[in-house]
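Right, one structure below, let's go through it.
Keep in mind that this is a model prediction, so the values were computed, not measured.
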Amino acid sequence: MTVKTFSIVEWSPQGVRHHDDIIAEEVAVALVYNGISHVVMMCTPQNLPEFALGFSLSEGIIDRAEQIYGITLTPQALGIEVHIELASSCFMALKQRRRSLAGRTGCGLCGTEQLAMVAHPLQRLPFTQQFSLSHLGSALDQVTSLQPIGQQTACTHIAAWVDGQGKVCAGYEDIGRHVALDKLLGARAKAEWGKGGCVLISSRASYEIVQKAISCGVEILCAASAATQRAVDLAQAQGLTLVGFSRGTRAIIYTHAQRVISQSDNQLR
């Protein structure tokens with residue numbers, strides 16, 4: 001179950017009305033690596049194996065999907081434990097930099113113990129593709145059908161993969177924008193559709209969002225809202241094409257516009 005019915009009191013200029021409303025379910029999810037709990041996040045309780053894989057990749061815990069040998073979900077009274085069987089070399093490295101995160105919706109750095117732990121090593125992205133902004137309008141229309149919880153409750157974010165022809169290959173929603181992105185990145189790691197295209201997210205582009213995208217080799221990131229200063233700085237330094245205010249008829253290209261093609265199919269400079 002991902003939504004619940006709740007009795008509410010609605011106030012409006014037309015008066016007060018008592019009725020049932022639909023709200024999104026929010027569950028504490030613990031990621032447990034080789035028996036040791038690493039992080040607890042508040043999540044929408046679906047696509048949790050994809051979340052575990054995507055988080056492991058985007059946080060630099062693993063370099064490739066094959067370094068996770070198994071993922072098991074274990075419901076508990078207070079939430080869900082996701083047990084991840086990690087390659088021994090990755091687990092040893094994780095223990096060296098292990099941190100305790102207090103998971104909160106929308107906060108990707110909660111619980112980081114030292115300022116030096118905010119960033120992890122990233123490889124500069126190659127330039128292997130381009131993307132036409134003329135695809136954004138149809139992509140946004142397609143994304144709507146992939147967000148059933150959001151349509152019912154208006155409280156989830158979605159991260160989607162749009163291929164080079166403008167087809168939305170997959171979309172994952174969650175109450176947390178970071179979690180939605182991790183779910184998509186986890187699915188992309190095992191999918192053929194992730195070879196070329198861009199990530200489209202229904203939120204702002206913050207530092208952590210950009211860092212996660214770069215960690216997983218995403219070359220183009222389109223956000224529905226603005227980008228923050230540190231996000232732009234990181235995207236510029238690491239070769240990510242960062243696009244904000246992606247609304248279908250308008251977009252702001254913050255960095256590396258050479259990957260982006262305008263609606264008239266002229267390369268932007």
Side-chain angles (χ1 to χ4, degrees), residues 1-8 20-62 65 68-86 90-91 94-95 97-114 117-118 120 146-159 171-187 189 201-204 206-209 211-212 215-216:
M1 180 182 297
T2 53
V3 297
K4 291 185 176 181
T5 301
F6 192 78
S7 296
I8 65 166
D20 289 340
D21 198 8
I22 297 175
I23 58 177
E25 188 175 9
E26 185 175 23
V27 174
V29 175
L31 299 185
V32 183
Y33 291 94
N34 292 8
I36 297 179
S37 183
H38 176 65
V39 62
V40 178
M41 303 291 285
M42 301 305 298
C43 306
T44 302
Q46 63 180 8
N47 306 116
L48 295 182
E50 289 85 353
F51 169 49
L53 175 55
F55 179 91
S56 301
L57 286 165
S58 70
E59 291 293 317
I61 296 171
I62 60 174
I68 288 180
Y69 300 146
I71 298 174
T72 305
L73 306 185
T74 305
Q76 302 286 352
L78 298 178
I80 302 172
E81 289 184 349
V82 181
H83 289 266
I84 303 159
E85 186 180 354
L86 195 62
C90 297
F91 184 59
L94 177 63
K95 289 200 296 184
R97 65 179 185 90
R98 187 174 167 228
R99 60 191 182 183
S100 176
L101 300 179
R104 297 180 182 176
T105 301
C107 184
L109 300 177
C110 294
T112 303
E113 294 173 346
Q114 300 175 16
M117 298 171 71
V118 169
H120 56 259
L146 299 175
Q147 200 173 2
I149 302 172
Q151 291 184 45
Q152 295 179 79
T153 66
C155 74
T156 61
H157 285 289
I158 189 167
Y172 292 84
E173 62 177 329
D174 199 277
I175 55 172
R177 57 197 175 92
H178 301 89
V179 179
L181 179 59
D182 278 334
K183 288 178 178 180
L184 176 71
L185 295 174
I201 58 171
S202 63
S203 69
R204 70 183 183 276
S206 62
Y207 177 87
E208 313 94 285
I209 293 289
Q211 181 175 252
K212 284 177 178 290
S215 295
C216 293

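Using a 4.5 Å heavy-atom threshold, the side chains of Q147 and T156 count as touching. The shortest side-chain heavy-atom distance between L57 and L185 does not fall under the 4.5 Å cut-off. Looking only at side-chain heavy atoms (C-beta outward), V179 and T44 stay at 4.5 Å or farther from each other. Counting heavy atoms from C-beta outward, L53 and I62 have side chains that approach closer than 4.5 Å. V82 has its side chain out of reach of F51: every pair of non-hydrogen atoms, C-beta onward, lies at least 4.5 Å apart. In this structure, the side chains of I68 and L86 come closer than 4.5 Å at one or more pairs of heavy atoms. Between V39 and E59, every side-chain heavy-atom pair lies at or beyond the 4.5 Å cut-off.
Here Y172 contributes atom OH and N47 contributes atom CG; the two are 5.5 Å apart, rounded to the nearest 0.5 Å. The OG1 atom of T2 sits 10.0 Å away from the CD1 atom of I22 when rounded to the nearest 0.5 Å. Separating the CD1 atom in I201 from the CG atom in L181 is a distance of 6.5 Å, to the nearest 0.5 Å. The distance from the CG atom of L48 to the CG atom of D174 is 8.5 Å, given to the nearest 0.5 Å. Note that the NE2 atom of H83 and the CD1 atom of I71 stand 12.0 Å from one another [nearest 0.5 Å].
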task: Take D182 and S58 through the side chain to side chain donor-acceptor pair (under 3.5 Å) test and state the conclusion after the steps.
output: CA-CA 7 Å; D182 278 334; S58 70; 2.6 Å; yes

message: Please evaluate residues E173 and K183 with respect to the criterion side chain to side chain contact (heavy atoms under 4.5 Å, CB included), reporting the C-alpha separation (whole Å), side-chain torsions for both, the decisive distance (0.1 Å), and the verdict.
response: CA-CA 8 Å; E173 62 177 329; K183 288 178 178 180; over 6 Å; no

- request: Take S56 and Y33, measure what side chain to side chain contact (heavy atoms under 4.5 Å, CB included) needs, and give me the verdict at the end.
  value: CA-CA 10 Å; S56 301; Y33 291 94; 2.7 Å; yes

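The side-chain contact (heavy atoms from CB on, under 4.5 Å) test with H178 is passed by exactly one of C43, S206, S203: S206.
Of all the heavy atoms in C90 and I61, the pair that sits closest is CB-O, 3.5 Å. A24 approaches T153 most closely through the heavy-atom pair N-CG2, 3.5 Å. Minimum interatomic distance between L94 and H38 (heavy atoms only, all atoms of both residues): CD1-CE1, 3.7 Å. The two residues P45 and I80 make their nearest non-hydrogen contact at CB-CD1, 4.2 Å. Residues G79 and V27 share a closest heavy-atom pair of CA-CG1, 3.9 Å. For the pair A180 and H157, the tightest heavy-atom approach, listed with the atom from each and the gap, is CB-O, 4.0 Å.
A donor-acceptor pair under 3.5 Å is formed between the side chain of S202 and the backbone N or O of I158.
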